[in-house]
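All values below come from the heavy atoms of this structure, side chains included, with hydrogens, waters and symmetry mates left out. Every chain is numbered from 1, with letters handed out A, B, ... down the list of sequences. Keep in mind that what you see is a predicted model, and the values were worked out from it rather than measured.
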Number of protein chains: 2
Amino acid sequence: MKIDDINWKILKMLQENSRVALKDLAIEVGLSSPTVAERIQKMEDAGVIASYHAKVDLSKLGYLLGVYITIKIRFGQTERFEEFITTVPEISECHKLTGRDCMLLRGSVRDPKHLEDLNIRLAVYGELTTSLVLNSIMDGKTYDSHF
Amino acid sequence: MKIDDINWKILKMLQENSRVALKDLAIEVGLSSPTVAERIQKMEDAGVIASYHAKVDLSKLGYLLGVYITIKIRFGQTERFEEFITTVPEISECHKLTGRDCMLLRGSVRDPKHLEDLNIRLAVYGELTTSLVLNSIMDGKTYDSHF
DNA sequence: GCTGAAAAGTCCTATAT
DNA sequence: ATATAGGACTTTTCAGC
């Protein structure tokens, strides 16, 4: 799929505000609305635009601590763990990484007590290393060209 | 801010598809469009809804390798690093974590050669540990209630 | 805080270049 | 592959409950 300058401009705007009106996109890129709609459709069909999401700020709902947890899964527990982890509400991401049988988890909890509770539930499946997020310098960047 | 069952339903739908029409939200939750619009506005104002994003699938653009990199920043380089890292196109997230002066980076590259190139650019600022993403079991979950 | 109707605005489809 | 224009639909505004 070819992404020209105009498509990058459209992608940039949709990444920054996915609820932007077609009309405003059209004005910005200097094309008509139907043309922009068609370009978006093609990028959706090609999977370049994967989805449109509202981002919920969990800290505003009382989940003040962000955490990353690595877990070295106990031998033979991988399948059971992968099924289990999708049911844990505190965990928003789970990536299987190279190196030392590691899973990387991202989660949010209310307070240290809540974190301890989460750790206990996870520790069944392997050895944990827990780190608090002190500050997110960047989270969810807008891509606006090839690199 | 109070999130009742109806607001959770709205939040769920907007997380799953942020371009959903107000009309469809209204039908789904059994309220009129103006009421739904008002509820959304209040959640935006309270910051519970932080933003609306289109998610770009970088693998469809040729960036096939996902990576997580931890970097133990060299003494005194933190400020310079934080400024620098926002200018690196391959890196989409940067979190400062507790423990061993660690920054956690998430990135995407075309191939191993591209990864080596990225590592060389980052290694100026500290010691790296690089892991490839083998599989993302979960990435960007939909929250639909308190936990 | 919610509704319903009317006004304003946006989007879609067809037609044309 | 893009533009224009009309009709259809959606969103917003506002009076009333």
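Across its full length, the helix from dG1(C)-dC17(D) to dT17(C)-dA1(D) shows an angle of 30° between the axes of its 5 terminal pairs at either end, rounded to 10 degrees.
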#### Entry: Derivation of the salt bridge (Lys or Arg N to Asp or Glu O under 4.0 Å) call for D4(A) and R39(A)
CA-CA 11 Å; D4(A) 60 13; R39(A) 280 168 171 266; 3.1 Å; yes
### Worked check of salt bridge (Lys or Arg N to Asp or Glu O under 4.0 Å) between E93(A) and R106(B)
CA-CA 12 Å; E93(A) 298 182 24; R106(B) 182 177 187 173; 3.2 Å; yes
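Under the ring-ring contact (aromatic ring centres under 6.0 Å, His included) criterion, H53(B) pairs with no residue, sequence neighbours left out.
Hydrophobic side-chain contacts under 4.5 Å tie I120(A) to no other Ile, Leu, Val, Met, Phe, Trp or Tyr residue.
Checked for salt-bridge contact, D117(B) and K113(B) miss the test: no charged N lies under 4.0 Å from a carboxylate O. Under 4.0 Å is where a charged nitrogen must lie from a carboxylate oxygen, and between D5(B) and K9(B) no such pair does.
For E16(A), the CD atom counts as densely surrounded, since its 6.0 Å shell holds more than 12 non-hydrogen atoms of other residues, nucleotides or ligands. Dense packing is recorded around CD of E44(B), with more than 12 heavy atoms of other residues, nucleotides or ligands lying under 6.0 Å away. Residue K12(A) places its NZ atom among 12 or fewer non-hydrogen atoms of other residues, nucleotides or ligands, all under 6.0 Å distant.
Put simply, chain B comes within 4.0 Å of DNA chain D, heavy atom to any atom, from dT10(D) to dT13(D), going 5' to 3'.
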Which donor-acceptor pairs under 3.5 Å do side chains of residues 79-86 of chain B form with protein atoms, sequence neighbours excluded?
unit_1	atom_1	unit_2	atom_2	d
E82(B)	OE2	K96(B)	NZ	3.2
T86(B)	OG1	E83(B)	O	2.8

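Applying a 4.0 Å cut-off to non-hydrogen atoms, the residues of residues 22-52 of chain A that approach DNA chain C are L22(A), K23(A), P34(A), listed by residue number.
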